[in-house]
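Comments concern the structure below.
So you know, we letter chains A, B, ... as the sequences are listed, proteins then strands, and number each from 1.
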Amino acid sequence: MASIMERVLSKLMNKNVLFTVSFLVRLVMVSFGVYQDRTMVVKYTDVDYHVFTDASKFITQGQSPYHRSTYRYTPLLAWILTPNVFLSHVFGKLLFITCDVLSGHLIYLILRQRGLSCEAACRVCSLWLLNPLPAGVSSRGNAESVLTALVLATLLCLELRQLPMAAILYGLAVHMKIYPVTYALPIALSLQRKENVEERGVGWWRRALGFPLRLLNKELFLFAGVAGVVFCGLTVLFYNMYGWDFLQETYLYHLTRRDIRHNFSPYFYMLYLTADSPWSLALGLAAFLPQALLLFLVSLAFHTDLALCCFLHTAIFVSFNKVCTSQYFLWYLCLFPLVLPRLTLSPKQGVKLLALWFAGQGIWLAPAYYLEFEGYNTFLLIWLAGLMFLIINSFIMVQIITHYKPSDTKQRLKAE
Amino acid sequence: MFVFFSTCTVYLVLFGSTQADENSCGLSMTWLETVSVTMDVSKNGFHRDLVTTVDFGPGFPDGLEALLVHRLPSGIYIDQYQLASLKEDTGLQVLLGSAVDLEAPAHTSEEFLVLVYLALDQGILKATLPIHGRYHKPSLAGKRFELVEIKLPKLILRTDTCTQLISFPPYKMVDAPCTVHNLSICQWLEIQHLQEQDPVSLEIPLGDGSLVEPVCAGTLLVTLLCCVILSRSIWMHGVFLDNVIPI
């Protein structure tokens with residue numbers, strides 16, 4: 001039995017087989033979703049997918065997609081999904097599962113670029129491609145896979161030093177969702193000119209003064225210029241088409257979002273209880289400071305390894321954010337396969353940390369279920385579970401930072 | 001003369017009383033008195049079903065259209081997109097009186113009107129409306145739940161067969177959209193004697209405002225602690241200025 005499993009797994013780790021199988025699995029899930037929506041009361045498709053489709057319908061009628069309430073995304077998404085109205089309702093889901101598998105392929109390419117063998121890269125990729133979480137999310141009609149594909153493509157282009165392409169993809173990613181803007185600092189730091197031999201010989205204070213000069217170089221201006229043109233161009237275009245609604249729903253809502261309803265964030269209960277108090281602004285700022293400080297530190301500390309830096313950036317951003325839903329986890333899960341090969345944790349330790357992460361979610365989900373669906377007053381338990389989840393996430397991140405070996409992967413593989 | 005008067009009296013007695021009992025649209029006073037409405041809330045938590053049943057005696061008039069007029073409090077809301085999907089699945093026909101904000105808390109929301117067009121299904125007039133609780137302001141007095149009361153709906157009737165509904169007391173005439181498509185206004189008869197049942201209520205959990213200080217202190221303490229632990233780890237293992245700080 002074990003040898004059959006081994007043979008199946010080794011066949012699966014062939015690149016073409018792996019990608020074909022992952023696409024087929026997602027296709028089956030989409031088909032099942034269509035069947036479930038038609039026959040059962042509980043729907044497979046996520047509410048967001050209906051929001052996108054309704055917004056696309058408004059666009060086909062020549063109106064603003066923001067006529068659809070709770071549509072808080074870029075008009076570009078509604079434009080891309082107009083075939084949902086013309087061709088088939090299932091077009092968007094097919095697009096999202098394709099982007100999902102594409103994300104897996106980009107992970108594979110980045111890992112190969114960083115020195116992994118084909119088989120090792122396939123094994124790591126399969127953590128994303130055969131993972132039910134991203135497969136489920138994209139087959140249900142969430143658009144997260146479009147963004148993960150854009151972010152991974154940006155990182156790949158940066159690894160290959162294809163700066164104009166990286167900048168275009170980065171500008172597009174920031175236009176679609178704001179959170180990649182936090183990568184600006186690590187990317188800028190990674191583009192700085194390396195010190196030459198003479199510069200290393202002088203005292204540390206001279207090197208510190210030389211730092212801004214090395215930072216503001218031609219490559220940074222190229223990247224910032226192209227990304228800026230893409231982002232501002234899209235903003236101006238859609239502002240002309242849809243006015244203030246576009247800015248409000250796509251950007252301002254997310255920046256000022258104060259969702260007092262229960263979510264994974266450790267700040268949820270504090271914000272709910274102080275929603276109408278004069279302290280609310282000060283507390284919001286107090287919640288922002290740890291996030292900002294950690295993001296700044298991570299940028300300075302790990303910009304030499306962009307994959308780890310972006311992973312930690314997003315994990316910290318999500319964990320310390322004022323609002324946190326399970327969709328946000330995909331933003332850093334897509335970067336985890338890039339970090340995994342250089343971790344010195346044993347598989348046993350890895351599985352324990354994974355179990356801890358799931359346990360943290362479970363501890364939150366239980367009282368949240370009883371609040372929302374049974375009507376018990378479990379607010380205090382939800383608050384404590386939120387704090388516990390933050391502690392668990394911080395612990396896991398500390399373990400990853402502590403056991404990360406930024407040394408040459410090739411040497412390690414040779415030793416193995 | 002006597003014959004004339006007696007004929008008139010007989011005529012009035014025979015047809016006059018029928019007119020008083022039944023107006024020209026086939027709605028008889030006796031049948032209307034058998035009509036009653038009951039309402040109940042099922043399920044638990046923030047997502048409930050409001051089940052309204054209209055009971056009536058035998059002799060259901062042909063072509064009768066029944067409409068429930070709910071005035072729902074600000075403590076709950078209805079999802080118009082869920083209603084659109086239910087319309088396709090179960091044929092539930094609901095018209096919302098105004099746009100409903102799906103995310104606003106109770107104290108910034110208002111009560112709103114909901115029109116439910118009932119259809120006879122196996123001899124029963126019943127509607128199940130999915131309602132959702134809004135978040136309420138935290139309580140300062142240790143109250144753990146907020147009671148949201150839903151008053152009984154008004155029932156209004158009309159018949160398809162005739163366009164001219166003549167009013168007859170004690171029932172009064174009201175104007176309302178003829179169908180769920182809201183293309184024209186018709187005259188409906190409001191059934192008055194139904195308000196005997198107490199309003200139904202549902203409990204919505206509330207945050208505990210008296211704990212605001214320990215919650216704020218606890219949250220900020222834990223987030224600060226996690227921030228310090230992470231910062232220490234980043235400081236110790238970070239690369240910083242490319243090979244300047246040896247690890």
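- Interface residue A:D276: only side-chain heavy atoms are found under 4.5 Å from chain B.
- In this structure, no portion of A:Y404 lies under 4.5 Å from any heavy atom of chain B.
- With a threshold of 4.5 angstrom between heavy atoms, A:F268 approaches chain B through side-chain atoms but not through N, CA, C or O.
- At a 4.5 Å heavy-atom cutoff, the contact between A:R68 and chain B is made by backbone and side-chain atoms alike.
- For chain B, no part of A:D305 is nearby; none of its heavy atoms comes within less than 4.5 Å.
- Residue contact with chain B, scored on non-hydrogen atoms closer than 4.5 Å, involves the side chain of A:T70 exclusively.
- For chain B, the nearby part of A:L380 is the side chain; its heavy atoms alone come within less than 4.5 Å.
- Ring planes of B:Y135 and A:H262: parallel class, angle under 30° (limits at 30 and 60°).
- Taking both residues in full, the closest heavy atoms of B:S231 and A:L294 are given as OG-CD2, 3.4 Å, listed atom of the first, atom of the second, then distance.
- Within the 4.5 angstrom heavy-atom criterion, atoms from both the backbone and the side chain of B:D208 approach chain A.
- The six-membered or imidazole ring of B:Y81 lies away from that of A:H50, with a centre-to-centre distance of 6.0 Å or more.
- Checked for salt-bridge contact, B:R48 and A:E372 miss the test: no charged N lies under 4.0 Å from a carboxylate O.
- For the options A:I316, A:L387, A:V298, heavy-atom pairs under 4.5 Å to chain B are most numerous at A:L387.
- Heavy atoms of A:L293 lying under 4.5 Å from chain B belong exclusively to its side chain.
- Residue B:H107 touches chain A through its side chain alone, counting heavy-atom pairs closer than 4.5 Å.
- Proximity to chain A involves both the backbone and the side chain of B:L102, based on heavy atoms less than 4.5 angstrom apart.
- Heavy atoms of A:F320 lying under 4.5 Å from chain B belong exclusively to its side chain.
- Ranked by heavy-atom pairs shorter than 4.5 Å toward chain B, the options A:F395, A:Y376, A:F373 are led by A:F373.
- Heavy atoms closer than 4.5 Å to chain A are found nowhere in B:K43, neither backbone nor side chain.
- Among pairs with a residue in residues 211-230 of chain B, those fulfilling side chain to side chain donor-acceptor pair (under 3.5 Å) read A:W383-B:T219, at least two apart in sequence or across chains.
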